[in-house]
Amino acid sequence: MKENKKEFDVVIVGAGFAGIYQLLKLRRLGLSAIIIEKADQIGGTWHWNRYPGARCDIPSLEYSYQFDEDLQQEWNWSEKYSAQPEILEYINHVADRFELRDGIQFNEEVIKAEFDEVNSRWKIKTSVSSYESRFVIFATGCLSVPNKPDFEGLENFEGQLLQTSTWPQEEQNFSGKRVAIIGTGSSAIQSIPLIAEQADQLYVFQRTPNYSIPSNNGPMDKDREEEVKARYSDFRKDNWQNGFGIAAISDESLISETDINEVHQQLEENWESAGLGFFGGYADIPLDANSNDVVANFVRNKISEIVDDPDTAKILTPDYHIGGKRLCVDTGYFETFNRENVHLINLKENPIKQISSLSLDADKTYEIDTLILATGFDAMTGALTSIDITGRDGAKLKDQWESGAKSYLGLGVANFPNLFTVTGPGSPSVLSNMMPSIEQHVNWITDCIEWMNANDKKVIESSKTAEDDWMVLVNEIADMTIFTDTKSWYNGSNIEDKAKAFLPFIGVPVYTEMLEQIVAEDYKGFIFDRVN
Ligand code: N01
């Protein structure tokens, strides 16, 4: 039964993978906690993103919780890469297995959170109610606030308007329809091949081409599953040693020190089997522009081999560093452009001029029945800045982050006491396997609260100096890589007017080591029970 009281030790915002594990951990600590969730069900990103082909591009055996040995042994994934319905089924299974549903308040959106300095309590206002708590934990995800560009005339469109990130729960059928899709990121790249199979005509409006690697997805290899399960915890530990926290291929070798024929042979092998791990095939792909170019050229050649029409292949070929934008993983994406009913429109040459009741104007007028926006997210900060969060001395998070988000470890923000973020800016988050990164943060936050209680500390907050120094480090590391010179949602370039700042911490092992060191030094960089 849901408790009637509105006062809790902890309010958690968001019932995705982070939120529900956080609820479990806090309950095990004996604390009262509630999750407030805007949707009518759990799942977070895996609830909202139901577009055709939605699938995780981290292998299923890695994209799962590791906190419970029985859970990880008993659950069986049907495919190498899980599709959205199966991931949603898994998170529901976890919620039931650990009896978490009664701790979730659905259909309530957090509008406001204000820290009451006198009582050191958070006052939280939702779309329907009010709550009070000692701590607030934002488990709001890195890619949860849709980006809906202000296309001229969009409001006049009278056909079917869909967005990949808020896809309806009912199945959509595009048979006989003229469909336009705007955007060619991961969501579009996964959905285009399936929509093309149904639609009468599919018009793909591309601003920037993307690199994509074949997933070579298929049914779960039972021998592989058995082998991993026999040493699951070692498997997880090994993966955590990789810079991106995923199973590596030949992580240590450098392209710059390898015979080029050998490199090509290896890339060919990786193309056939590695998916996202293709980027980790050599250690210098993210670091050395020349080595990166070897790999980028390899993929560019693949595109021209796969796509029949040379003009279309050219438009589909990226000219920036591979990995600069989040690498995509597909099933038959480039092949889809060989279909007669699929047409590619290059927005770089012919931007969208206007959308009318049943048409879209770019290089010419396209008569359409359905318009799909696959235009991404206000990534990493959007979910936090869209809530009115007030900390000490009236500090507003939105204002504090106006010229670029700053956070200490991606866990805490100066001026915002007893507030934690799971996989916040400044942590490996989106440049890691999200599942272990979520568990790492949830474990850290829970341990921190337990430590505070054991040491009679009431209030924790990041010091401004620690936060500033941390973001300098995040940027210094990023500047050693190829990630910073490409326009991407990693650095806010996908949203007009958003501060341009590179936000993920690159390097899971270094991050993990630093996190542990900070704890060993009694949470160095955090201030406890600050006296004004
Ligand atoms: O969004 P995106 P996404 N006019 O930002 C274009 C994760 N994910 O939803 O590149 C015209 O990548 C934009 O163009 P440009 C994954 O981390 C994971 O596809 O900005 N076009 C781009 O082509 C991924 O990276 C999985 O020039 C406009 C597209 O819209 C992240 O989510 C599956 C435009 C947006 O691409 C986001 O992916 C799916 C405009 N005004 C997603 N504005 C997994 O497999 C934007 N675009 C786990």
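Note that ligands are numbered from 1 as they come in the structure, with each ligand's atoms numbered from 1 the same way. Excluded from the calculations below are hydrogen atoms, water molecules and symmetry mates; all remaining heavy atoms, backbone and side chain alike, are included. Note that the numbering runs from 1 along the sequence shown for the chain.
Under a 4.0 Å criterion applied to the non-hydrogen atoms of Leu143, ligand 1 contributes the atoms 7 (C), 17 (O), 31 (C), 32 (O). Within the listing of ligand 1, atoms 4 (N), 40 (C), 41 (N) sit less than 4.0 angstrom from a heavy atom of Phe151. Ligand 1 places these atoms under 4.0 Å from at least one heavy atom of Tyr51: 33 (C), 39 (C). The Arg55 neighbourhood of ligand 1 comprises atoms 44 (C), 45 (O), 48 (C), with distances under 4.0 Å to a heavy atom of that residue. Heavy-atom proximity to Leu347, at under 4.0 Å, picks out these atoms of ligand 1: 11 (C). Heavy-atom proximity to Gly185, at under 4.0 Å, picks out these atoms of ligand 1: 12 (O), 19 (O), 23 (O), 29 (C), 36 (O). When each atom of ligand 1 is checked for a heavy atom of Gly183 under 4.0 Å away, the hits are 6 (C), 23 (O), 29 (C), 30 (O).
The nearest protein atom to atom 8 (N) of ligand 1, hydrogens excluded, is given as Ser186 CB, 4.0 Å; this is a heavy-atom distance. Shortest contact from atom 43 (N) of ligand 1 to any protein heavy atom: Arg207 NH2, 3.5 Å. Of all protein heavy atoms, the one lying nearest to atom 1 (O) of ligand 1 is Gly376 CA, 3.1 Å. Counting only heavy atoms of the protein, atom 5 (O) of ligand 1 lies nearest to Trp489 CD1, 3.4 Å. In this structure, atom 23 (O) of ligand 1 lies nearest to the protein heavy atom Thr184 N, 2.9 Å. Closest to atom 9 (O) of ligand 1 among all protein heavy atoms lies Ser187 OG, 2.6 Å. Among protein heavy atoms, the minimum distance from atom 29 (C) of ligand 1 is reached at Ala374 O, 3.2 Å. Distance from atom 15 (P) of ligand 1 to its nearest protein heavy atom, with residue and atom name: Thr208 OG1, 3.4 Å.
A side-chain donor-acceptor contact under 3.5 Å links Lys229 to the backbone of Gln73. The backbone N or O of Leu358 sits nowhere less than 3.5 Å from a side-chain atom of Ser356 that would complete a donor-acceptor pair.
In summary, the side chains of Ser437 and Thr423 do not present any donor paired with an acceptor at a separation below 3.5 Å, with no hydrogens or angles considered. Side-chain atoms of Asn270 and Gln266 include a donor-acceptor pair closer than 3.5 Å.
For ligand 1, the polar-atom distance check against Gln190 finds a nitrogen or oxygen pair separated by under 3.5 Å. On a distance-only criterion, Asp57 and ligand 1 share at least one N/O pair closer than 3.5 Å.
Using cut-offs of 30° and 60° for the angle between ring planes, the Trp271 and Phe278 rings count as perpendicular.
Leu373 does not count as a contact of ligand 1, since none of its heavy atoms falls under 4.0 Å from the ligand.
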### Query
Run the salt bridge (Lys or Arg N to Asp or Glu O under 4.0 Å) check on Asp309 and Lys314 step by step: do they pass?
CA-CA 9 Å; Asp309 173 43; Lys314 201 169 160 209; over 6 Å; no

### Query
Would Tyr90 and Trp75 count as a ring pair (Phe, Tyr, Trp, His ring centres under 6.0 Å) if you check the C-alpha gap in whole Å, the side-chain angles of each, and the deciding distance to 0.1 Å?
CA-CA 8 Å; Tyr90 171 71; Trp75 183 266; 5.1 Å; yes

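Atoms CD and CG, on Gln163 and Leu373 in that order, are 5.0 Å from each other to the nearest 0.5 Å.
With a heavy-atom cut-off of 4.0 Å, Asn210 does not touch ligand 1 at all.
With ring centers used as reference points, Phe98 lies under 6.0 Å from Phe67.
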